[in-house]
Amino acid sequence: SMEKPKATPKDFFLWAGAMVSLYAGVIAFISLLFEYINQTFRDTTLGYYYDPYAGGVAYAMASLIVLAPVLLILMRVIRRSIEADATRSEVWVRRWALFLTIFVAGATIVVDLIVLINTFLSGEELTARFLLKVLVVLLVAGAGFMHFLADVWGYWIQNPHYARYINWATGLLIVLSIAAGFLIVGSPQSQRAMRIDAQRVNDLQSLQSQILNFY
């Protein structure tokens, strides 16, 4: 009888690290794209100055810069170990990680569509900002769903060169998303200069009000 291979501590921590990096990285990536959408379709009610680096942009960028290489390296090590020993593809921790990710991605798609349809049926305005955010979540969750479903079917193990292309494409997409951030929200130096200008305006307004009160 064929015994199922036992998961080693190496298997467990490789997959645990990969999944934590994946989930945290995807959240950071979506948050970053949301910030870009907010910047492109800015809400004028926010007032004179909005500092994106004081919000989630800096943290999302930092998270992606660290987590993306960690995830790609861990997945590469996992695939190498499976190529060296095919039984590693049958360990329970891999099956659980893949099916959990497929479930989370599928649930995210369903919730995303419910939010879209509910907003439409409620008669609320479907703004470009809202629709783009719905589309971002749909595309990211859909890509994750298809990728890990293919992994369950063994597609990436049978076609390792395609897996490498996906890794490179993912890396390029993340680099472009970070580069786009500097184009859309500006460099930290330019944001610092704008913050100083905003502080000057506030100081002058405060000074003016004090002079008027004294007068």
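For the single chain, residues carry numbers from 1 onward in sequence order.
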Taking only residues two or more places apart in sequence, or in another chain, which ones meet [X] in a side chain to side chain donor-acceptor pair (under 3.5 Å)?
{"X": "Q205", "value": "none"}
{"X": "N213", "value": "none"}
{"X": "S209", "value": "none"}

Tabulate below the donor-acceptor pairs under 3.5 Å that side-chain atoms of residues 62-84 make, not counting sequence neighbours, or state none.
| residue | atom | partner | partner atom | Å |
| --- | --- | --- | --- | --- |
| S63 | OG | Y59 | O | 2.8 |
| S81 | OG | I78 | O | 2.7 |

Which pairs of donor and acceptor atoms, one on a side chain in residues 146-155, lie under 3.5 Å apart (sequence neighbours left out)?
| residue | atom | partner | partner atom | Å |
| --- | --- | --- | --- | --- |
| D151 | OD1 | R94 | NH2 | 2.9 |

If you link ILVMFWY side chains whenever their heavy atoms are less than 4.5 Å apart, which other residues fall into the same cluster as I114? By chain and number, please. V110
What's in the same ILVMFWY side-chain cluster as L116, cut-off under 4.5 Å, chained through other members? V111, V115, I117, F120, L121, L126, F130, L131, V134
Quick one: salt bridge (Lys or Arg N to Asp or Glu O under 4.0 Å) pairs with a partner in residues 205-215, sequence neighbours left out? none
By the salt bridge (Lys or Arg N to Asp or Glu O under 4.0 Å) test, which pairs, at least two apart or in different chains, include something from residues 10-23? D11-R88
Side chain to side chain contact (heavy atoms under 4.5 Å, CB included) partners of S206, counting only residues at least two apart: Q210
When the side chains of residues 99-108 are checked against the rest of the protein, which donor-acceptor pairs come out under 3.5 Å, sequence neighbours left out?
| residue | atom | partner | partner atom | Å |
| --- | --- | --- | --- | --- |
| T101 | OG1 | Y23 | OH | 2.9 |
| T101 | OG1 | A97 | O | 2.7 |
| T108 | OG1 | V104 | O | 2.7 |

Donor-acceptor contacts, no H, no angles, side chain residues 163-183, under 3.5 Å, sequence neighbours left out:
| residue | atom | partner | partner atom | Å |
| --- | --- | --- | --- | --- |
| T170 | OG1 | I166 | O | 2.7 |
| S177 | OG | I174 | O | 2.7 |

